Amino acid sequence: MQAVILVGGLGTRLRPITYDIPKALVPLRNKPFMGYTLDFLRGGGIEGAVLSLGYLPDPIQRYIDERGDLDGFSVEYAVEERPLGTAGGIKNAARFLQDGPVVVLNGDVLTGMDLRKAIELHRSTGALATITLTSVEDPTAYGLVEVDHDMMVRRFIEKPSPDEVTTNLVNAGVYVLEPEVLEMIPPGREVSIEREIFPRLQERRQLYAHVSSSYWKDIGTPRSYLAASHDVLSGAVGAGEGFDYMDVHRSTLIEKNVRILPPVSVAEGCEISAGATVGGRSSLGRGCRVGEGAVVEGSILLDGAVVEAGAVVRGSIVGPGARIGEGAIVRGLSVLGARCVVGEGNVLDQGIRINPGVVLQPRSVSF
Ligand code: GTP
């Protein structure tokens, strides 16, 4: 069976990171997200995938080309000129698909679910489509899916108010579709599978659900991306044989009195100066530098990020090549875009987002 991976979206909720890096390539434990997606599909017995691309397609294609270890797993690219939406993106990929059912996957979903079980259930019901569901703690931010006792989908409730919450099952972004579903998608315009196609299938009683209790998270927001990073570093998902909580590249330059606290991942060519503390579910991309006495905890530093002496980064995401000046504090899910500069003594907090290339003068922001 083949899969279509939807990776054409703008990833607006994960800006400013996605101005430079498509959501499909943001790293978790220093491995691009697409790597987890491909592992998931191959582990589920899928033989090849069509990547449904739109926004920033080139780095995604380059990643696949450079990987070169897909052992017979075929990858095709369907690139749209303008956004076609989640169903339009599937339709655009159809020319690469053989006849028969296809798995469709949102390219921002990290899950340990058993894909084979979902496919088996799909075959056993004879439905035109099977949608996988997962339970979440706070379903009000999602579209709820109500199912009958026999797992037929009964109703969709978009972004419910608290008194409309009748279930905590939400769309997990993994589907099995029969070719007839692709024929239902009108060509050449933006179409949403969630809003246009699934409700029509539900009305025809042709939509079934598979509920998975396995790990599931989408990485669509800074909060969920950081949480997924923490989970992967902790080995909660995607951990293969010989998983190492101290994943520190041997090229790392570590001065005296440095504390490296697992779980942690440090990529090639990083420098950690005397007295610094790095770890507690942090990942440092290639060529990052952490200055004397600085602290990096629970955070993601992308390639080439610099944290100068005495600065503190906690629970935040720092874009590629960004620089945090001496004694600055970056905390509380702050997100810094690529190459921005936080002058010394600034305090960033409460989910603040700084656009790529912005320079904050010393001591100009405080909370
Ligand atoms: P936000 O802008 O933050 O909502 O992110 P997004 O653009 O990724 O949208 P969303 O999270 O709703 O998309 C779910 C999945 O579908 C993601 O993997 C997207 O890459 C993908 N997707 C969304 N819109 C399109 C589209 O127009 N074309 C294609 N090919 N994929 C899309």
Side-chain angles (χ1 to χ4, degrees), residues 2-28 32-38 40-41 49-61 63-64 75-97 102-111 131-134 136 141-145 156 158-159 170-175 177 181-182 185-198 216-228 317 333 335 337 351 353 355:
Q2 289 169 287
V4 174
I5 314 175
L6 291 166
V7 279
L10 296 173
T12 52
R13 289 165 301 152
L14 199 53
R15 285 177 180 167
I17 298 303
T18 42
Y19 281 124
D20 291 78
I21 307 172
K23 191 161 57 170
L25 291 186
V26 295
L28 293 175
F33 191 72
M34 177 59 74
Y36 295 88
T37 307
L38 295 173
F40 167 70
L41 291 174
V50 186
L51 266 55
S52 175
L53 300 156
Y55 177 66
L56 296 180
D58 297 347
I60 300 177
Q61 292 197 32
Y63 167 72
I64 304 275
V75 179
E76 311 279 358
Y77 306 102
V79 186
E80 22 191 267
E81 279 166 20
R82 57 196 165 79
L84 292 173
T86 44
I90 303 168
K91 183 89 175 173
N92 193 44
R95 63 185 183 278
F96 295 108
L97 297 173
V102 62
V103 166
V104 173
L105 176 67
N106 279 355
D108 58 357
V109 162
L110 178 68
T111 178
I131 169 172
T132 61
L133 307 180
T134 184
V136 291
Y142 296 85
L144 299 191
V145 185
F156 292 95
E158 265 310 308
K159 310 250 159 60
V170 304
N171 177 355
V174 181
Y175 321 122
L177 309 180
V181 177
L182 274 63
I185 303 169
R189 71 164 170 93
E190 191 169 345
V191 188
S192 157
I193 194 155
E194 300 89 341
R195 286 191 293 275
E196 283 191 53
I197 306 300
F198 286 155
W216 181 90
K217 201 161 248 102
D218 78 86
I219 57 153
T221 65
R223 184 178 300 282
S224 60
Y225 171 39
L226 192 59
I317 304 170
L333 208 58
V335 188
R353 300 187 193 201
N355 274 340

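All ligand and atom numbering here is 1-based and tracks the order in the structure. Basis for what follows: all heavy atoms, side chains included, without hydrogens, waters or symmetry-related copies. Quantities reported herein were computed from a predicted structural model and do not represent experimental measurements.
Closest heavy-atom approach to atom 26 (C) of ligand 1 within the set Ser52, Gly85, Gly11: this belongs to Gly85. Nearest-residue assignment for atom 16 (O) of ligand 1 (options Leu53, Thr86, Val104, Leu51; heavy-atom criterion): Thr86. Nearest-residue assignment for atom 20 (O) of ligand 1 (options Pro83, Gly9, Ala24; heavy-atom criterion): Gly9.
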Exercise. Could you go through the side-chain contact (heavy atoms from CB on, under 4.5 Å) check for Glu190 and Leu84 one step at a time?
Key: CA-CA 4 Å; Glu190 191 169 345; Leu84 292 173; 5.6 Å; no
Quiz item: Hey, mind stepping through Tyr77 and Ile64 against side-chain contact (heavy atoms from CB on, under 4.5 Å) and telling me if it holds?
Solution: CA-CA 10 Å; Tyr77 306 102; Ile64 304 275; 3.2 Å; yes
Self-check item: Full working for side-chain contact (heavy atoms from CB on, under 4.5 Å) between Asn106 and Val174
Solution: CA-CA 7 Å; Asn106 279 355; Val174 181; over 6 Å; no
Quiz item: Are Val191 and Ile197 close enough, and set up right, to give a side-chain contact (heavy atoms from CB on, under 4.5 Å), and what steps lead you there?
Solution: CA-CA 8 Å; Val191 188; Ile197 306 300; 4.2 Å; yes
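Taking CZ from Phe33 and CD1 from Ile219, the interatomic distance works out to 4.5 Å, rounded to the nearest 0.5 Å. Considering OG1 of Thr221 and CG of Leu333, their distance stands at 7.5 Å, rounded to 0.5 Å.
Aromatic ring orientation, Phe198 versus Tyr175: perpendicular (interplanar angle above 60°, classes split at 30° and 60°).
Remark: ligand 1 atoms within the under-4.0 Å shell around heavy atoms of Val7 are 20 (O). For ligand 1, the atoms lying closer than 4.0 Å to a non-hydrogen atom of Gly107 are 18 (O). Remark: ligand 1 atoms within the under-4.0 Å shell around heavy atoms of Leu84 are 27 (O). Near Thr12, the atoms of ligand 1 lying under 4.0 angstrom from a non-hydrogen atom of the residue are 1 (P), 2 (O), 3 (O), 5 (O). Every atom of ligand 1 is numbered from 1 in the order shown, and the set under 4.0 Å from a heavy atom of Leu6 is 16 (O), 17 (C), 18 (O), 19 (C), 20 (O), 21 (C). Those atoms of ligand 1 with a heavy atom of Lys23 less than 4.0 angstrom away are 5 (O), 6 (P), 8 (O), 11 (O).
From the protein, the heavy atom lying nearest to atom 4 (O) of ligand 1 is Arg13 NE, 3.1 Å. Closest to atom 31 (N) of ligand 1, if we only count protein heavy atoms, is Gly8 N, 3.1 Å. Shortest contact from atom 28 (N) of ligand 1 to any protein heavy atom: Glu80 OE1, 2.8 Å.
Looking at heavy atoms from C-beta onward, Val50 lies out of side-chain contact with Ile5 at the 4.5 angstrom threshold.
In summary, Glu80 and Lys91 do not engage in a salt bridge, as defined by a charged side-chain N under 4.0 Å from a carboxylate O.
Of the protein's heavy atoms, none falls inside 4.0 Å of atom 13 (O) of ligand 1.
Checked by distance only, ligand 1 and Leu10 come closer than 3.5 Å through their nitrogen or oxygen atoms.
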